[in-house]
Structure formats: C-alpha cells, structure tokens
Amino acid sequence: MSNTVPTVSLGNEYNIPGLGYGTYLAKQDQGIDLVKKAIDAGYRHIDTAFLYENEVEVGEAIRAKIAEGVVKREDMFVTSKLWNTFHRPEHVAEAFRRSFDMLDIAYVDLYLMHSPMGLQFQGYEHSDMHPKDADGQPPFDDIDYVETWKSMEKLVGDGKVRSIGLSNFNSEQITRILEIAEIKPVTNQIEVNPGCNQKRLIEFCRARGITVTAFGPMGRPHRSTYGNKSALGDSRVIEIGQKYRKTDGQVILRYLIQLGTIPIPYSTKEERIRQNIDVFDFTLTDAEMQYMDTFQSERTLPFPPLKKHKYYPFDIDF
C-alpha cells in the first residue's frame, strides 16, 4: 500500500494534496474520530465548510494529531467555505472569522465561495443557514457573486487564509470572476464522478490555471440520485479493479485523478478510508478510461430548491 499523496500546484506559492478527505456528513464525536482516522491513514487534506456544522470537530481532530506528533500544522491542508447566506460584502469577513475561530488551527489553507447563489442573511448561527419564506421557499438574494469575491479577496493578506476559490461555478461565472479578480481563484470545487464527469468544465479550468476539486466522487451512494449512473458495483469496473488488485471505488478515484481532478471522498468505514487514499500506484489504460466515460448521465446534486435563482449554475452545458 502506498498512501503518499502527490501534491498539485495551486498556481500561487502553495500546493494542495492531490486527494483529500471530505467531511460533509461527519458531525460531532464521529467527526472528530473520522478525521483522526483519516490523518492516521495518511490524509493531509481535509475538506469542511460552515454548512457541514463540523468545523469545531475538524479543528479538534487536527490539533489532537499535532499534539500527538503525528503531523505538524504545515503538513495539513484545510479547506472551508463561505455559506450562501453570507454573500453580502458586509457579512463575508465576519462569516470567515467564525469559521477561522471554530477551526482554531492558526490559518485556513483555502476558503471557497460555496456557490454563486446568494440567500438572504438571517444571522451567523448554523440554525440560520436554511431560511424559508412564507411559502416555504428559500429567500433568494440577488447580490452579485462578483461583489462577494471582492470581499473574499480582502481576507487574503493577514495570514489567516492563504488561498481563495470557488465551488459550484459554471464556465461563464468563472469568466466573470476572472475579469475582475485581483486574486485569481485557485480551484473550483464541483461534483465529479463517472455519472457526471464534467470533462469540459475541467478542461476549461485547466486552461485558466484553476484546479478542480471533485466532491461526490462515488456518485453519492448514500442518497437517491437524479438518474446518475453509478459505476460502483458495475461488473466491468469490478473486473478492472481485480486486474490491479483494487476495489471498484479505487478504480473510480483513479479515473477522477486521471481526468485531472482532486477527489475528496468521504467514508465512515476505516478500511474504506484507507483504500480511498491507496490509488497512486496504478494507472488506468486509455480503453479503461473510455469505459469509465460511458457512465456519463446526470449530476446527483442539482440544488432543486434553487433552480429559479438568478445565478443558478447548471442551466448551461458546463
């Protein structure tokens, strides 16, 4: 087993490990335990967000492993995200400060705008994240994400955050950011899996020096999907894995790495956590990559309540 993860240049002075541990569902004591297990397995890239309600736990696990001497702070790369209700410029710095304080790990490596779609500000607590209007719908805020980005740029420079980026942005929205950016986004974190391989958007980002972080790499098997064809459990994918003495999940992660993405798989199973990082000692052939392309179908997270938002990102091809 090789759990040494190569790094990828972010286009500034920093590098990001080429695979990370996603923490979307890792809450409370389980979150602390899972992040510790991930660090013990060799992960040095941990992805969290204000939305996930686990920044406190992620920080606690990292500090514990630093105290044990397992890692140093500079070994770790931690991403968090600005939630949709904080898009107005006057809320960005305070929202970041809260994430920074909850993590309590000296600095944040990467801070992303979680989506281009603003929601009306309700307050700074987790309980205020999913506001509803009188009809039970999310109250949209049409604040331009370009203005949000300008406020995020102001976060960089005092040492508390090293890099900033985007999440769930399409090619047109990225272009608008690049037109005004004084600090270029270093990554776009998007759903990428065999059922939603995003090859055109990945290539678009690559041509502009923007890395792509892949969330939902397995096609989100824990939730019902919207027609997304999962490669997990597919007999041919299992067969490809057997050739390399790997699981179907490891084949999927290898596919995403060869597409040029940085996958951030999540698992609660210790064996799976170890397997997911053990994907850098084999290479899929062109024919195997082409087979993995055949699953392309639908995204699993199309944000249906936000479809009518002015800045809904999924109405164009990429």
Side-chain angles (χ1 to χ4, degrees), residues 5-24 26-27 31-32 34-36 38-40 42-83 86-87 89-114 124 126 148-167 177 181-189 209-213 215 262 264:
V5 177
T7 59
V8 176
S9 171
L10 286 173
N12 52 18
E13 61 186 295
Y14 300 110
N15 297 320
I16 183 172
L19 184 143
Y21 183 68
T23 65
Y24 170 52
K27 293 189 183 181
I32 298 169
L34 289 172
V35 173
K36 285 180 177 178
I39 293 170
D40 286 339
Y43 292 78
R44 299 295 178 259
H45 169 187
I46 308 293
D47 183 89
T48 183
F50 183 81
L51 173 68
Y52 306 165
E53 301 182 52
N54 62 11
E55 289 167 308
V56 169
E57 289 82 355
V58 167
E60 185 173 327
I62 291 169
R63 290 194 308 275
K65 287 298 164 184
I66 291 171
E68 287 175 28
V70 176
V71 290
K72 299 185 178 78
R73 172 62 185 94
E74 56 268 29
D75 299 330
M76 299 300 299
F77 188 102
V78 180
T79 301
S80 194
K81 309 179 190 79
L82 178 81
W83 182 235
F86 306 134
H87 276 210
E90 62 266 29
H91 301 309
V92 172
E94 176 63 13
F96 171 75
R97 185 191 68 78
R98 286 166 182 261
S99 287
F100 176 84
D101 287 349
M102 284 190 283
L103 282 162
D104 191 18
I105 50 173
Y107 58 89
V108 176
D109 294 275
L110 176 59
Y111 195 55
L112 308 180
M113 195 186 321
H114 210 139
Y124 289 107
H126 284 116
T148 311
W149 182 257
K150 289 175 181 174
S151 293
M152 287 182 63
E153 289 181 328
K154 293 175 184 173
L155 300 174
V156 182
D158 67 358
K160 290 182 178 177
V161 61
R162 292 185 161 182
S163 303
I164 52 175
L166 307 170
S167 183
I177 293 285
E182 293 183 17
I183 299 174
K184 193 171 92 171
V186 298
T187 199
N188 186 27
Q189 184 176 131
I210 298 171
T211 60
V212 170
T213 310
F215 75 74
I262 300 161
I264 46 170

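The figures here come from the full heavy-atom set of this structure, side chains too, leaving out hydrogens, waters and symmetry mates. Only a predicted model underlies this, so the values are computations on that prediction, with no experimental measurement involved.
Using a 4.5 Å heavy-atom threshold, the side chains of Y24 and N54 count as separate. Counting only heavy atoms from C-beta outward, the side chains of V92 and E153 never approach each other to under 4.5 Å. The closest side-chain heavy-atom distance from M152 to L82 is below 4.5 Å. Residues K36 and I62 have side chains not in contact (no heavy-atom distance under 4.5 Å, counting atoms from C-beta outward). T187 is not listed as a side-chain neighbour of I16, based on a closest heavy-atom distance of 4.5 Å or more. For the pair H91/W83, no side-chain contact is recorded, criterion being any heavy-atom separation below 4.5 Å from C-beta on. Counting only heavy atoms from C-beta outward, the side chains of H45 and I262 approach each other to under 4.5 Å. Residues E13 and R162 form no side-chain contact, since every pair of their non-hydrogen atoms from C-beta on lies 4.5 Å or further apart.
A centroid separation of less than 6.0 Å is found between the aromatic rings of F86 and F50.
Between I210 atom CD1 and K184 atom NZ the span is 6.0 Å, to the nearest 0.5 Å. With values rounded to the nearest 0.5 angstrom, H87 atom NE2 is found 5.5 Å from M113 atom CE. Here the CD1-OG1 distance, from I46 to T79, works out to 9.5 Å after rounding to the nearest 0.5 Å. Here the straight-line distance linking atom CD1 of I177 with atom NZ of K150 works out to 9.5 Å at 0.5 Å rounding.
In plain terms, the two heavy atoms of V108 and S80 that are nearest each other are CG1-N, 4.3 Å. Considering all non-hydrogen atoms of both residues, S163 and V186 come closest at CB-CG2, 3.9 Å. When all heavy atoms of R44 and I39 are compared, the closest pair comes out as NH1-O, 2.8 Å. Closest approach of V161 and L155 over heavy atoms only: CG1-O, 3.4 Å. Between P89 and S151, the shortest heavy-atom distance links the atoms CB-OG, 3.1 Å. T211 and V8 get closest at one heavy-atom pair: CG2-CG1, 3.9 Å.
Judged by distance alone, with hydrogens and angles left aside, the side-chain atoms of K81 form no donor-acceptor pair with the main-chain N or O of Y111 at under 3.5 Å. Judged purely by atom type and a 3.5 angstrom limit, R63 uses its side chain to pair as donor or acceptor with the backbone of L103. Here the side chain of W149 pairs a donor or acceptor atom with the backbone of I183 at under 3.5 angstrom.
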Let's go through D40 and K65 carefully: what are the C-alpha distance in whole Å and the side-chain angles of both, what is the deciding distance for side chain to side chain contact (heavy atoms under 4.5 Å, CB included) to 0.1 Å, and is it a yes or a no?
CA-CA 8 Å; D40 286 339; K65 287 298 164 184; 3.0 Å; yes
Where do D47 and T213 land on the side chain to side chain donor-acceptor pair (under 3.5 Å) test, with the steps shown first?
CA-CA 10 Å; D47 183 89; T213 310; over 6 Å; no
Report the C-alpha separation of F77 and T7 in whole Å, then their side-chain angles, then the decisive distance to 0.1 Å, and conclude whether the side chain to side chain contact (heavy atoms under 4.5 Å, CB included) test is met.
CA-CA 11 Å; F77 188 102; T7 59; over 6 Å; no
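Side-chain polar atoms of E55 and S99 form a donor-acceptor pair below 3.5 angstrom.
Counting non-hydrogen atoms of other residues, nucleotides and ligands closer than 6.0 Å to CD of E94 gives a total above 12.
Between D101 and R97, at least one side-chain nitrogen of the basic residue sits less than 4.0 Å from a carboxylate oxygen of the acidic one, meeting the salt-bridge criterion.
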